[in-house]
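Beneath this line is the structure, given in structure tokens, with notes to follow.
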Amino acid sequence: MDAKDEGAARDAAAVTAYLEASMVPDPETAARYMAPGIAIVFTGGRVFRHPREVTAFNAGRYAWVKKRMERLDVVPGDGLTTVYSLGTLYGAWPDGTAFEGNRYVDRFTVRDGLIVSMEVWNDSAERILDRQGASA
């Protein structure tokens, strides 16, 4: 394994550790894997600067939520690794109604084992609209 592959493996492990801590949720442990000044950009362009802000946002959207991580796509680069986490969300809406199969993609840029940027996409907004009877 060359240095680029070793760095990519370390960076992918940091993403996995971040995601596992964020699902507890343990935002302080999750923050250990993030570089200072990070921008965490959620669907709709919402920007958060710390995992505790993400935890607070999710607390308003879900009674609880977890990720079923199906795969990581790891793209080594010069000094940076791009890691995509793909899978589905499952949990309960604020009224306690269970859900599953809610697709997500998280894109991480990682340098030297620290996440320097994170972008989040999922189907939650569409599912919320469906629950409210909105149609396209």
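Predicted model, so just to flag it, every value in this text is computed and none were measured. Computed from heavy atoms alone, side chains included, the values below leave out hydrogens, waters and symmetry copies.
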key: Trace of the side chain to side chain contact (heavy atoms under 4.5 Å, CB included) decision for Thr81 with Val75   = CA-CA 6 Å; Thr81 304; Val75 184; 5.9 Å; no

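- Residues passing the side-chain hydrogen bond (donor to acceptor under 3.5 Å, both in side chains) test with Asp73, sequence neighbours excluded: Arg71.
- With a 4.5 Å cut-off on side-chain heavy atoms, Asn58 and Phe42 count as touching.
- Rounded to the nearest 0.5 angstrom, Asn122 CG and Thr43 OG1 are separated by 4.5 Å.
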Step-by-step side chain to side chain contact (heavy atoms under 4.5 Å, CB included) determination, Val105 to Ser85 = CA-CA 6 Å; Val105 176; Ser85 175; over 6 Å; no

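- Follow the hydrophobic side-chain contacts under 4.5 Å out from Tyr18 and you reach Met23 in the same cluster.
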request  = Would you check, one step at a time, whether the test side chain to side chain contact (heavy atoms under 4.5 Å, CB included) holds for Thr88 with Glu70?
outcome  = CA-CA 8 Å; Thr88 58; Glu70 295 172 6; 3.6 Å; yes

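- Not counting sequence neighbours, the partners of Ala35 by the side-chain contact (heavy atoms from CB on, under 4.5 Å) test are Leu114, Val116.
- Ser124 and Asn102 are linked by a side-chain donor-acceptor pair at a separation below 3.5 angstrom, with hydrogens and angles left out of the test.
- Here the closest non-hydrogen pair linking Gly79 and Arg111 is O-CG, 3.4 Å.
- Asp78 meets the side-chain contact (heavy atoms from CB on, under 4.5 Å) test with Lys4; sequence neighbours excluded.
- For the pair Asp11 and Gly113, the tightest heavy-atom approach, listed with the atom from each and the gap, is OD1-N, 2.8 Å.
- Residue Tyr62 is grouped with residue Val120 when hydrophobic side chains (ILVMFWY) are merged at heavy-atom distances under 4.5 angstrom, including chains of intermediate members.
- Apart from Trp64 itself, the hydrophobic cluster it occupies contains Tyr90, where clustering links Ile, Leu, Val, Met, Phe, Trp and Tyr at side-chain heavy-atom distances under 4.5 Å.
- No continuous path of ILVMFWY side-chain contacts below 4.5 Å connects Leu86 to Val74, so the two sit in separate hydrophobic clusters.
- A ring-centre distance under 6.0 Å is not found for Tyr104 and Trp121.
- Grouped with Val41 in one hydrophobic cluster are Val47, the linkage being side-chain heavy-atom contacts under 4.5 Å among Ile, Leu, Val, Met, Phe, Trp and Tyr residues.
- Considering all non-hydrogen atoms of both residues, Thr109 and Arg107 come closest at OG1-NH1, 3.4 Å.
- Residues forming a side-chain contact (heavy atoms from CB on, under 4.5 Å) with Ala21 (at least two apart in sequence, or on another chain): Thr29, Ala30.
- Here the straight-line distance linking atom CD1 of Ile40 with atom CZ of Phe57 works out to 12.5 Å at 0.5 Å rounding.
- Atom CD in Glu28 sits 9.0 Å away from atom OG1 in Thr55 (nearest 0.5 Å).
- Judged by distance alone, with hydrogens and angles left aside, the side-chain atoms of Lys67 form no donor-acceptor pair with the main-chain N or O of Leu89 at under 3.5 Å.
- Contact between Ala12 and Leu72 at its shortest, heavy atoms only, is O-CD1, 4.0 Å.
- Without hydrogens or angle criteria, Arg49 side chain to Ile38 main chain gives a donor-acceptor distance under 3.5 Å.
- Residues Met34 and Met118 meet the side-chain proximity criterion, which asks for heavy atoms closer than 4.5 Å.
- Rounding to the nearest 0.5 Å places CG of Asp130 at 13.5 Å from CZ of Phe99.
- When the shell of 6.0 Å around CZ of Arg127 is examined, it contains more than 12 heavy atoms from other residues, nucleotides or ligands.
- Rounding to the nearest 0.5 Å gives a distance of 11.0 Å between CD1 of Ile128 and CG of Asp123.
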request  = Carefully, step by step, assess Arg131 and Asp95 under the rule salt bridge (charged side-chain N to carboxylate O under 4.0 Å, His left out).
outcome  = CA-CA 11 Å; Arg131 286 174 48 83; Asp95 69 0; 2.8 Å; yes

task = Mind running side chain to side chain contact (heavy atoms under 4.5 Å, CB included) on Phe108 and Leu19 for me, showing each step along the way?
result = CA-CA 11 Å; Phe108 298 86; Leu19 289 169; 3.9 Å; yes

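- Expressed to the nearest 0.5 Å, how far CD of Glu100 lies from CZ of Arg68 amounts to 6.0 Å.
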